[in-house]
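Right, one structure below, let's go through it.
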Amino acid sequence: IESVLKEAIKDLKAESGSLMIMDAKTEELYIKASYSQIPSRKLTEDIINKTRIKIGQSISGLVAKTQKPLLINNIKETLTHYPDIIKNTDSNKYKTSIVVPIIDENGKTTAVLNINNKQNENLFSQEDFQFAILLAEYCGAALKLEKKNTELTTVNEIIREINKTNDLNTIFKMIVNKGKELLNCKHVSIMIVENDILIVKESTDHQIIGQKRELGIGVSGWVWKTGEPVLIKKVEDLNTERKFQILNKPGSFIVAPLNIKYESPFALNVALK
């Protein structure tokens, strides 16, 4: 991504650019990659680490919210339409820009591409605009591949660790910690059947370790009974016809049986927020 961004800025004869990633937890954009052809305007590590833009704030936040790319050849004129974001935009530093949202297959904004200042105070053309949109699509595909690569790497790590030890407690602890990191969620837990009772054996939420569920009771008990994974996007959206009881309200969550044929006594809980 950094290499493509650098070449694109040169091809577009722009001064600088950046790719900002959406933090799903905070709904803020942060800088993943940046490049400037003008050394004095290169973003410092301090600025990169501190920059956080909320949805709807500044031009990047606006594009992330509306999911519509912007071609800006007069930043001051553009800002008159959005007075609430003037304080977050340096109109003297960024006079012309192309800002493009990157949207995933679920229709959510995952990143924003910024191309800033056509050199020699020229204006960006429609051809420049279309090129930037294609570049954003490429970056979106690259981010998706990066995520898949991270998933595969994590699974391989778990497999290597399993091969090193016969201690189930160590394996369970590693799986919940890696699962939390990989899924970017609040808590992960593993439940196992003992004496016909489903028990939380390990969790990133230490307070629930040891909790029990009976066959068919609660979502975990339902997954244990049916062998079918369950995805709850929003507890409030569930209708009265559901066949299992929600025993607590963790927001959205996933419960999945941990075996290929769905015959294992294990179940995995992922509480998402």
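Computed from a predicted structure; not experimentally measured. The figures here come from the full heavy-atom set of this structure, side chains too, leaving out hydrogens, waters and symmetry mates.
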- Quick check: are there more than 12 heavy atoms from other residues, nucleotides or ligands sitting under 6.0 Å from CG of N195? no
- Message: When you measure from the side chain of S18 to the backbone of S34, do you find a donor-acceptor pair of N or O atoms at a distance under 3.5 Å?
- Response: no
- Task: Answer yes if I115 and I1 sit in the same cluster of Ile, Leu, Val, Met, Phe, Trp and Tyr residues linked by side chain heavy atoms under 4.5 Å apart, and no otherwise.
- Result: yes
- Would you mind reporting whether K65 and L62 have side-chain heavy atoms less than 4.5 Å apart? no
- Query: Is the backbone N or O of I38 less than 3.5 Å from a side-chain atom of S36, with the two atoms forming a donor-acceptor pair by type?
  - Reply: yes
- Note on the structure: Output for pair (W222 CH2, E228 CD), nearest 0.5 Å, gives 7.5 Å
- Item | E105 atom CD, over 12 foreign heavy atoms within 6.0 Å | yes
- Are there more than 12 heavy atoms of other residues, nucleotides or ligands under 6.0 Å from atom CD of E2? no
- Kindly check if the number of other-residue, nucleotide or ligand heavy atoms within 6.0 Å of CD (E214) is above 12? no
- Side-chain touch M191/K201, heavy atoms, less than 4.5 angstrom: no
- Query: Of V63, L19, V99, which meets side-chain contact (heavy atoms from CB on, under 4.5 Å) against L113?
  - Reply: L19
- Query: Got R213 and I197 here, is their nearest side-chain heavy-atom distance under 4.5 Å?
  - Reply: no
- Message: Could you check whether any side-chain heavy atom of M20 comes within less than 4.5 Å of a side-chain heavy atom of K32, counting everything from C-beta outward?
- Response: no
- Item | Steps toward side chain to side chain contact (heavy atoms under 4.5 Å, CB included) verdict (I190, I175) | CA-CA 8 Å; I190 284 183; I175 289 174; 3.8 Å; yes
- L5 reachable from L134 in the ILVMFWY side-chain graph, under 4.5 Å edges: no
- Message: Could you check whether any side-chain heavy atom of Q37 comes within less than 4.5 Å of a side-chain heavy atom of E15, counting everything from C-beta outward?
- Response: no
- Would D128 and K118 satisfy side chain to side chain contact (heavy atoms under 4.5 Å, CB included), going step by step from the backbone distance to the final call? CA-CA 10 Å; D128 294 335; K118 189 79 169 180; 2.9 Å; yes
- Message: Would you say that H187 contacts F253 through its side chain, given a criterion of any heavy-atom pair below 4.5 Å between the two side chains?
- Response: no
- Between S189 and I208, is any pair of side-chain heavy atoms under 4.5 Å apart? yes
- Run the salt bridge (Lys or Arg N to Asp or Glu O under 4.0 Å) check on R52 and D23 step by step: do they pass? CA-CA 9 Å; R52 289 270 171 168; D23 185 326; 3.1 Å; yes
- Task: Say whether L215 and V200 are linked into one hydrophobic cluster, either directly or through other cluster members, by side-chain heavy-atom distances under 4.5 angstrom.
- Result: yes
- After noting the C-alpha distance and the side-chain angles of N169 and E202, does the key distance pass the side chain to side chain contact (heavy atoms under 4.5 Å, CB included) rule? CA-CA 8 Å; N169 291 330; E202 185 59 67; 5.7 Å; no
- Distance col, row I98:CD1 vs Q130:CD, nearest 0.5 angstrom, shows 9.5 Å
- Message: Under a 3.5 Å threshold, yes or no: a donor from one side chain and an acceptor from the other, between S97 and N114?
- Response: no
- Message: Which heavy atom of A8 sits nearest to which heavy atom of L135, and what is that distance?
- Response: CB-CD2, 3.3 Å
- Message: What I'd like to find out is whether the side chain of I21 reaches to under 4.5 Å of the side chain of T110, using heavy atoms alone.
- Response: no
- Query: Atom CG in L29, atom OG in S60: separation rounded to 0.5 Å?
  - Reply: 6.5 Å
- Item | Verdict with supporting geometry, T96 and N116, side chain to side chain contact (heavy atoms under 4.5 Å, CB included) | CA-CA 6 Å; T96 58; N116 302 312; over 6 Å; no
- Item | Heavy-atom closest contact (A136 atom, P101 atom, distance) | CB-O, 4.5 Å
- Task: For N156 and T153, run side-chain hydrogen bond (donor to acceptor under 3.5 Å, both in side chains): C-alpha distance rounded to whole Å, both residues' side-chain angles, the deciding distance at 0.1 Å, then the answer.
- Result: CA-CA 5 Å; N156 286 333; T153 300; 5.7 Å; no
- Message: Using the rule given for salt bridge (Lys or Arg N to Asp or Glu O under 4.0 Å), can you reason through E151 versus K178, listing the C-alpha separation, both sets of side-chain angles and the distance that settles it, and then say yes or no?
- Response: CA-CA 10 Å; E151 291 172 356; K178 288 290 184 182; over 6 Å; no
- Message: Applying a strict under-4.5 Å side-chain criterion to I, L, V, M, F, W and Y, I'd like to know whether I59 and M22 cluster together.
- Response: yes
- side-chain contact (heavy atoms from CB on, under 4.5 Å), paired with T51, selected from I48, I47, N49: I47
- Closest non-hydrogen atom pair between F131 and D11, with its separation: CZ-OD2, 4.4 Å
- Query: Is Q119 atom CD crowded by more than 12 heavy atoms from other residues, nucleotides or ligands, each under 6.0 Å away?
  - Reply: yes
- Query: So, N117 side chain and K95 main chain: donor-acceptor pair closer than 3.5 Å or not?
  - Reply: yes
- Message: Quick check: is L12 connected to Y138 through a chain of hydrophobic side chains (ILVMFWY, heavy atoms under 4.5 Å apart)?
- Response: yes
